[in-house]
Amino acid sequence: MTEFADLVQRIEPHPRNVSHYVAKHARRGDPADVLATMDRYAREERFLMNIGPDKGALVEEVFDRIPSDARILEVGAYCGYSAVLFASKLGGGGSLVSLEVGEESVEAARANVAFAGLSDRVEILLGASGDSIPMLSGTFDLVFLDHWKDLYKADLQAIEAKGLLKPGSLVVADNVGESFNPTAYLEYVRTCGRFDSEHRESTIEYHTLPDAVEISVYRGPGTA
Ligand code: CA
């Protein structure tokens with residue numbers, strides 16, 4: 001078995017186990033401790049498909065580039081790790097909407113967000129991204145793609161079609177390293193003419209396997 005296949009075998013603990021672990025071991029109302037507790041779970045119990053702590057510098061960079069009252073759209077909440085991380089970095093007036101297809105994940109993510117004391121600025125919507133995106137309105141300063149990798153391209157196109165981006169909006173796609181076969185998404189975002197796109201090498205969360213993040217700045221709809 002390859003190292004990557006072996007890693008994937010260990011993915012997908014029940015999200016409920018993660019929120020129970022957080023409720024048992026983390027400090028209520030302390031987002032940093034909730035994240036540290038999820039990191040500990042991922043290292044000691046089961047691998048978690050979170051953004052993880054190793055991409056911290058990238059996250060800092062992204063947050064330097066958006067306003068403190070930003071509106072964030074996350075696609076793929078899973079256990080709520082990045083929802084807690086991002087919401088804890090927002091100032092007053094900022095908010096995050098997260099789309100998640102797994103019922104148990106929605107439950108766990110909401111529990112973790114509530115435990116961290118961030119429910120007032122986070123909304124987690126249950127449903128397939130393709131169904132939820134057309135229901136959204138307004139524009140977002142940051143879109144974070146971290147769900148099924150095969151859906152990145154179609155969902156970004158749906159986000160554009162719905163007018164959810166404005167010039168300068170950032171689209172950050174996690175896990176676009178080669179192991180994830182990201183060619184269709186990367187080709188689209190780099191060649192459609194509506195984004196300035198940068199590739200950042202990284203490692204898969206909680207692991208040393210190579211990975212990457214694509215950061216794309218929306219230019220505007222253009223005339224094409
Ligand atoms: Ca990820």
Side-chain angles (χ1 to χ4, degrees), residues 3-15 17-19 22 31 34-43 45-63 72-89 96-102 104-106 108-109 112-113 116 122 124 128-129 132 140 142-156 159 170-186 189 197-216:
E3 202 183 352
F4 182 65
D6 176 59
L7 176 65
V8 170
Q9 288 274 311
R10 297 196 294 125
I11 290 178
E12 298 291 330
H14 287 296
N17 295 347
V18 181
S19 52
V22 165
V34 168
L35 295 171
T37 304
M38 280 197 260
D39 289 336
R40 206 157 61 235
Y41 182 93
R43 290 210 166 91
E45 306 283 329
R46 294 287 298 268
F47 175 77
L48 284 182
M49 210 65 192
N50 290 328
I51 188 162
D54 306 328
K55 290 170 182 155
L58 269 176
V59 171
E60 292 301 327
E61 181 199 319
V62 165
F63 272 80
I72 300 175
L73 172 62
E74 172 183 66
V75 190
Y78 194 31
C79 298
Y81 186 100
S82 40
V84 169
L85 174 63
F86 296 166
S88 70
K89 291 183 159 299
L96 181 143
V97 177
S98 186
L99 312 181
E100 171 57 52
V101 71
E104 195 185 319
S105 290
V106 167
N112 286 332
V113 164
V122 176
I124 297 166
S129 50
S132 298
F140 292 88
L142 168 65
V143 173
F144 182 61
L145 300 174
D146 194 22
H147 59 319
W148 293 108
K149 313 309 165 196
D150 294 350
L151 296 177
Y152 280 16
K153 180 184 167 188
D155 282 348
L156 180 57
I159 286 166
L170 291 183
V171 178
V172 176
D174 194 23
N175 306 120
V176 292
E178 265 174 35
S179 316
F180 295 96
N181 194 19
T183 317
Y185 177 78
L186 294 181
V189 84
S197 212
E198 305 159 39
H199 200 61
R200 301 299 178 83
E201 304 294 334
S202 179
T203 54
I204 291 178
E205 38 268 36
Y206 311 107
H207 216 280
T208 53
L209 285 172
D211 192 11
V213 173
E214 187 85 358
I215 302 179
S216 310

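Numbering of ligands and ligand atoms starts at 1, following listing order.
- Among residues two or more places apart in sequence or in another chain, the side-chain contact (heavy atoms from CB on, under 4.5 Å) test is passed with Ser132 by Leu99.
- The atom name of the N/O/S atom in Asp146 closest to the Ca ion (ligand 1) is OD1.
- The nearest N/O/S atom of Asp174 to the Ca ion (ligand 1) is OD2.
- If you check the side chains of Lys149 and Asn175, you find a donor sitting under 3.5 Å from an acceptor.
- When distances to the Ca ion (ligand 1) are checked against a cut-off of 3.0 Å, Asn175 contributes an N, O or S atom below that limit.
- Using a 3.5 Å distance cut-off with no hydrogens or angles, the side chains of Tyr81 and Asn112 do not pair a donor with an acceptor.
- Applying the ring pair (Phe, Tyr, Trp, His ring centres under 6.0 Å) criterion to Tyr152, with sequence neighbours excluded, gives His147, Tyr185.
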